[in-house]
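Every chain is numbered from 1, with letters handed out A, B, ... down the list of sequences.
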Protein chains: 2
Amino acid sequence: MTARARKATPPRETARSREGARSPGRRPGESRTREAILAAARAAFAEAGYDRATIRGIAADAGVDPALILHYFRSKERLFEAALELAVRPADVFARAAAAGPDQLGAIVVRTFLEAWQPPETRVRLLAMFRSAMTNETAMGRIRDLLVREVFGPITETLGVPDAQLRATLVGSQLLGLAIIRFVGRIEPLASASIEELVSAIGPTAQRYLTGDLGSAAQEERQATGSPAR
Amino acid sequence: MTARARKATPPRETARSREGARSPGRRPGESRTREAILAAARAAFAEAGYDRATIRGIAADAGVDPALILHYFRSKERLFEAALELAVRPADVFARAAAAGPDQLGAIVVRTFLEAWQPPETRVRLLAMFRSAMTNETAMGRIRDLLVREVFGPITETLGVPDAQLRATLVGSQLLGLAIIRFVGRIEPLASASIEELVSAIGPTAQRYLTGDLGSAAQEERQATGSPAR
DNA sequence: TGTAGAACTCAACAGACGTTGAGTTCTATC
DNA sequence: GATAGAACTCAACGTCTGTTGAGTTCTACA
């Protein structure tokens, strides 16, 4: 009980109205409780990651009994999966990428990625995903899908360049690292650099990964059957 | 108790010799128990991250009572700090960087970074650090120090280029993302690409971040007092 | 109007967790 | 050879965890 992520949680009390317990049973009118739970869950996962976020804490934030969460979602893991849904709409990237020439792809990818973090709803989902990915298979799998299946994989394959998957993961590695330093670690000066600044610094990197020359070693190895050395 | 990171832990038993308890009290001869604990701790933190790794599990792996760990290290957090010490020897980078021309700096930085992951002792420490960094201040602080104070900060400052800190964090972001995709997420084809391949793909990126032109937006903003938009 | 079932709460479970204090056995120093 | 203290184990503490089952109140449909 040294350093817990929960706020100052007085012994019990949760969300009861001043004195006496909230009565059990269904509430009159239509219920938006499920959404409240999901919002609280996303906030908790974003702040603390999968391991440190607790069902009890989420329940308290949503003003609800912990058991109700499991009534809806059956387990913490499934709650997490539900909370992560629709973290990113790949359509945005494609639309903007298609509208511009292929030589501006790098800048557009970086800008779209950074702008995706601006709306609080998206930001909270992405933070939850990233904070949890190091120790949670679901979150890491989600990142992998975004990179190789949903976003950058399709982009590089559409481009018709060789080494599509390698290019996709290279772009992904740069954006992943950027996001962690900027939004999770909040390390300066990257944390408070403007989007313009980052686009002009990192855009060319993404551009090269997407369409450029990846160097002789990469070329050779891709043509060979197995990979030497390591 | 859905998905724990611990192995198959039969109720008790830890490391007792078949039957009966191991007797208490000091063991004869010189003790290397402290080192055994640290090794087990590093392995656990590398596998599961700070939150999921447990003192009890580490104690079992080291063949020792949990209380002994706290006798040595006073708390889980301090155990973690001790386990992370000497994760990287910055001297390696400097020596190799000094030996080559400034136009090969990018390739050298990438290669040195990747090679640092090869020895199991270093690998396990770095994995522990990265796996824990998303939810643990100590680990993230350690990463920040490596980036801006111990390794890349000094390098960029020695180069005499403008925007030293920005360049340092940019290189750091690329290497951080690379390490997470390759060593934590093990996402292909990046996970099993050869070092040569990665050096020729990512080296130019690092080179540009270190000594190249970061683009007009970056230049302008660095000369102005405050940063606009955001 | 009756009834199935959804939406809720309560109380408890069993097990984990970090940490503590007291006790035992050895080593080093005088 | 006595003594301080380091190196260890044991048993327990208090708290927190995800999850369960039973009970209550409402809604929707026949």
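Taking all atoms of both residues into account, the shortest heavy-atom contact from A:Leu127 to A:Ala46 is CB-CB, 3.8 Å.
Taking atom CD1 of B:Ile58 as the reference point, atom P of C:dC17 lies 10 Å away to the nearest angstrom. C:dA11 atom C1' lies 15 Å from atom CG of A:Leu70, rounded to whole Å. Note: CZ (A:Phe73) to C1' (C:dA7) measures 13 Å, nearest angstrom. Remark: P of C:dT19 and CZ of B:Arg78 are 11 Å apart, rounded to the nearest angstrom. At whole-Å resolution of the value, CZ in B:Arg34 and P in D:dC8 are 12 Å apart. Nucleotide D:dC10 holds its P atom 14 Å from the CD1 atom of B:Ile69, rounded to whole Å. A straight line from CG of B:Asp65 to C1' of C:dA22 spans 13 Å, rounded to a whole angstrom. The CD-C1' distance, from B:Glu35 to D:dA7, rounds to 13 Å in whole Å.
The side chain of B:Leu68 lies closest to D:dC8, out of C:dT20, D:dC8, D:dG18. Between C:dC10, C:dG21, D:dC8, one nucleotide has an atom nearer to the side chain of B:Ala67 than all others, and that is C:dG21. Minimum atom distance to the side chain of B:Ser75 is reached by C:dT19, of the listed C:dC8, C:dT19, D:dG18. Checking D:dT9, C:dC10, D:dT19 against the side-chain heavy atoms of A:Arg56 singles out D:dT19 as nearest.
A salt bridge links A:Glu150 to A:Arg142: one of the charged nitrogens lies within less than 4.0 Å of a carboxylate oxygen.
Two residues are said to be in side-chain contact when any heavy atoms from C-beta on lie closer than 4.5 Å; B:Phe183 and B:Arg123 meet this criterion. Contact of the B:Leu170 side chain with the A:Leu178 side chain is not registered, since no non-hydrogen atoms from C-beta on lie closer than 4.5 Å.
Checking A:Gln165 against A:Thr156 by side-chain atom types alone, no donor-acceptor pair falls below 3.5 Å.
Below 30°, between 30° and 60°, or above 60°: for B:Phe80 and B:Tyr50 the angle between ring planes is above 60°, a perpendicular geometry.
Residue A:Thr33 places none of its side-chain N or O atoms closer than 4.0 Å to OP1 or OP2 of C:dA7.
When the shell of 6.0 Å around CD of B:Glu157 is examined, it contains more than 12 heavy atoms from other residues, nucleotides or ligands.
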N/O contacts under 3.5 Å, protein versus nucleotides 4-6 of chain D?
unit_1, atom_1, unit_2, atom_2, d
D:dA6, N3, B:Arg26, NH1, 3.4

